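Structure, as structure tokens:
Computed from a prediction, not measured in an experiment: that's the story for all the values here. We count ligands from 1, going down the list as the structure has it; atoms in each ligand are counted the same way.
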Amino acid sequence: MSVVGNPPRATAVTDANHDIPNAILEEAETLRSELRRHAYLYYHEARPEIGDAEYDDLFRRLQALEGQYPALESPDSPTKRVGAPPQDKFETVEHVAALLSLDSSEKPEDFVRFDERVRRALGDGVTPRYILEPKLDGASIELVYEDGVLTRAVTRGNGQQGERVTANIRTIPTVPLRLRTTVRPAPKLLALRGEVLMYISDFADFNARIAEAGLEPYASPRNSAAGSIRQLDSRVTASRKLDVLVYDVLVVEGDSFTSDIAGVEAIREWGFRVPERIQTATTVDEVLAYHSAYEEQRDELDYEIDGVVVKLDDLAARRAMGATSHHPRWAMALKFAPRQEVTVIEKIDIQVGRTGVLTPVAWLRPVVVGGVTVSRASLHNREELRRKDLREHDTVRIQRAGDVIPQVVEVIEHHDDRSPPFDMPDRCPVCETPVIEDGPRLVCPNRFGCNAQLKGRIIHFGSRSALDIEGLGEETANLLVDRGLVTQLAELFDVTPDHLVALEGFGEKSATALVEAIASKRTPDLNRFLIALGIPEVGVTVARTLAERFGSFDAIRRATTQQLVEIDGIGPRMSEAITSFFADERNAAAVDGVLARGVEPKTVELTSCDLPDLGTAVFTGAIPVPRVVAETAWRSVGGSTSGSVSKKTAFVVAGEKAGSKLAKAEKLGVEVLDFDEFLVRLTDHGGTLDGGDA
Ligand code: IVH
């Protein structure tokens, strides 16, 4: 098995060490093993033998020695936990073994069917034994140990390749930098899979601090865990309280197990934390009882779980059953029903997005749904509003669809003197331009004169898949536009720290940081720049294709519809959208304004992991948002969409009354998702539905 990266150096015994006095080598080694032991006692056994001050003394002594003798440097030294100098970008690397997803369902009968399939596969009379675990709702990570030393930690990415975030993971105190070998020797190679978590209690404190600092708070503990491990400056990661629970041995060389439960035991012995209450079961009833017991206790846990995972315990039987390209056939997630709460719609108003689409939004009396405070929910469009007959002051049931996106489910109570139905306005609430109809949507056509659209463009420009400008969130965009500092996109580059300190929420430090963050994006990758411009129809995949095909921004700008349609993956509608975007005088002026500020998009070699091919989705039946919204959202994260099902379809999203497409998907064995599951997949890839109207 070849693993990227140099083999780890044995601590303190390298050639470079010959100048270091033996006494120092020994002292460093003793300090390291003592620090490791104390950290284990503290974090894993909750029975520290020394106090914090004493620990810090040992730590500082080791730091001092390493400072004085750079040859002592070692990737598994406890001093690495404080973080390393910032990186420019993360390297994309191949996983040691693919990190697959899980087949999932909320319905017990789907588990019964799963169990039947497993029984058929095992053959006559063999009773499957399952291992049961909570399904942790964090950020998936691969940890690789070579000769017992942590050599890399890689995010899930597209399952085949991910980003190498080793320096960040080293800062998490419960992740051994070197395997514990007091019970079990270190294997030659070990690849593990686990979940990075931020505890709900820590998340609440952390988000409060983020908000105080004027930054955009994270939406959930899971997002904040994922965001924390993707920091280029690992010292930032070090400042966040994270944990990793490890549940799977992906690859082991130099040790072996025949069951998962034995693997989990080994994981524990090597010094990792594993999920709580892992157990085995042999009957459907036991599995369902485990599921309901966990669901009942869900709110008492300090971390998010969204179901339980049921896996065949016997590893040989697993190999016999195999996997699809998406998930193993020997495991499934039995999800919990979405959490619901009751609250009141305080107000309904209209938000205008980057593309001018008017979206009705319910402002809710804040209510905590599964660790996340929800205070607004998109109502999507007129039809939805009418169908559910939602009005101000109604008491409503809400849920987080797929446990992520707030949704109003239904009205459960209203007063006798009920508010009148909410009327969609005939003018843009922001710039007062008469709105126009575009299918089910209302649109403000005043693209360049509408401040709401300008705010949307700014937010989009700085968003993660575009230029990824830290600190340029919704609040800042609102301030910049409302105070007249930015009247067109390009003026973002004219903002100075002096401008910003005059605004509330900005100190000298945060003002300089934002201006620097903006300036640092003057040479963006061409594909990201294309996304940032917000060209209709141009999502992650198309931007990448254009960047690869044309190589320079200028060439793309000059491309004709004819040239564009000839490219694989770009249809007539897209070509038309792209050429008319650049042909529009005001768009051209906006783009020129940005270029005149010294922005020079650069061509990069794009690897497939920058933009995983997320596959083709087909939507069918009645879904809660207009189909075009869902399709655009999926394309914007790098997927594609189609109107018909074939063997090549990655998955079908089936709403109510789905008919022949669903039947065809089932016949072809194409994966079928309900809308909530689709939302989870979308948000997994950083997408949102609201981004979808963009
Ligand atoms: S097993 C091939 N066990 O759920 C099977 N996954 O949709 C590998 N997850 O992103 C997964 N808790 O990161 C497994 N106890 C658990 C889990 C778990 C959370 C995550 C996993 C993946 C997602 C699957």
Taking distance alone, with no angle check, do S140 and ligand 1 share an N/O pair under 3.5 Å? yes
Could you tell me whether a side-chain N or O of E142 sits under 3.5 Å from a main-chain N or O of V96, the two making a donor and an acceptor? yes
Output yes when the distance from some N or O of ligand 1 to some N or O of R156 is under 3.5 Å, and no in every other case. no
For S234 and A84, which heavy atoms make the closest approach, and how far apart are they? OG-N, 2.6 Å
Min over K135, K335, K311 of heavy-atom distance to atom 3 (N) of ligand 1 lands on K311
Would you check the N or O atoms of P134, main chain and side chain alike, for any that come under 3.5 Å of an N or O of ligand 1? yes
In terms of relative ring orientation, are Y303 and Y199 parallel, tilted or perpendicular, with 30° and 60° separating the classes? perpendicular
Check ligand 1 against E133 and write out every atom of the ligand that is under 4.0 Å from a heavy-atom position of the residue. 3 (N), 15 (N), 16 (C)
Between Y290 and Y294, how do the two ring planes meet: parallel, tilted or perpendicular, split at 30° and 60°? perpendicular
Please report whether ligand 1 has a polar contact with D248, defined as an N or O pair separated by less than 3.5 Å (distance criterion only). no
Are side-chain heavy atoms of Y130 and K311 found at a separation under 4.5 Å? no
Regarding ligand 1, does L136 bring an N or O atom to under 3.5 Å of one of the ligand's N or O atoms? yes
Does R193 approach ligand 1 within less than 4.0 angstrom via side chain, backbone, both or neither, non-hydrogen atoms only? side chain
Step through it carefully: locate the ring centre of F675, locate the ring centre of F619, and say whether they are under 6.0 Å apart. no
Just to check, does A333 reach to within less than 4.0 Å of ligand 1 when the distance is taken from its heavy atoms? no
Mode of V309 contact toward ligand 1 - side chain, backbone, both, neither (heavy atoms, under 4.0 Å): side chain
Quick one: does R635's side chain have a donor or acceptor within less than 3.5 Å of a partner on G539's backbone? no
